> 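Dropping a structure here in structure tokens format, bear with me for questions.
All ligand and atom numbering here is 1-based and tracks the order in the structure. Because the structure is predicted, anything quoted here is derived from the model rather than measured.
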Amino acid sequence: MSDSHTLSSLPRPNHHPSDALLVGYGAGCLCEGLSLAVALHLLHCLDCRAALAAVDAVGGALLEECPPDPLERLTLADTLARLDGAPAVAEAPPRRRREPEGQAGEAGVPGPLKPYIASLEGAPWRRLAPGVERVRLLRGARGGATHLLRVTPGTAVPHHGHAGLELTVVLSGSFTDERGRYAAGDMAEADGDTRHRPVADPGAPCLCLLATNAPLRFTGLLGRLMRPFLGL
Ligand SMILES: [Zn+2]
């Protein structure tokens, strides 16, 4: 990687995509928003780049068996086991994933975001609630969507659950929820079993990408009241 020197000088992420997500990303099976979230994490993470290289080694075989549901509980161990019995693949088929171009920590818009947004300050931010702004980047086919969120320190995103999968990648600043603290490069993965209430940490505003493949379910009173206005 040409930017590995830059990466080595950055804090290493503590929260990573699941094996199933990396496998789905490597095989080009993820929807656009989820793929974008993984690409943004990869900007920061040498460990996941190495794991992805292993996935790439079997990319052709994976794509032939690409699961209809990318959230199938497929682990790297499963994938490598498949490799043992898989026929040699001469040529990898085309991919549709977002490549993690650019460098982590560079000023302005990270490479994977550039097809969607020209500048952060010039973006059409919409105020959702006191201390919470968003820009919608994508609307998914099954009710999911992809947004940039900018949250003022100390502000909570309403408590919510999930009908599908929600990926959050921190671009700058940090937040904390019931599962821990998430800083630049960290990915939070939440599904139908997860209910959480992220709060932006003190310091700089928390800028993150939030991608879902189904609408969020806001569970608290404030969340239910805000749901029509959030449009998430
Ligand atoms: Zn990682």
> Could you measure the distance from the OG1 atom of Thr212 to the CD atom of Glu166? Nearest 0.5 Å is fine.
7.0 Å

> What are the protein N/O/S atoms, named by residue and atom, that sit under 2.8 Å from the Zn ion (ligand 1)?
His16 ND1, His41 NE2, Cys45 SG, Cys48 SG

> Please confirm whether the backbone N or O of Leu21 pairs with a side-chain atom of Ser18, one donor and one acceptor, at under 3.5 Å?
yes

> How many angstroms lie between CD in Glu133 and CG in Leu149, if you round to the nearest 0.5 Å?
10.0 Å

> Do Arg134's NZ or CZ and the ring of Trp125 fall within the cation-pi criteria of under 6.0 Å and 45°?
no

> Hey, can you tell me if His41 and His16 have their rings parallel, tilted or perpendicular (30° and 60° cut-offs)?
perpendicular

> Output yes when Asp177 and Arg197 qualify as a salt bridge under the 4.0 Å nitrogen-oxygen rule, no when they do not.
no

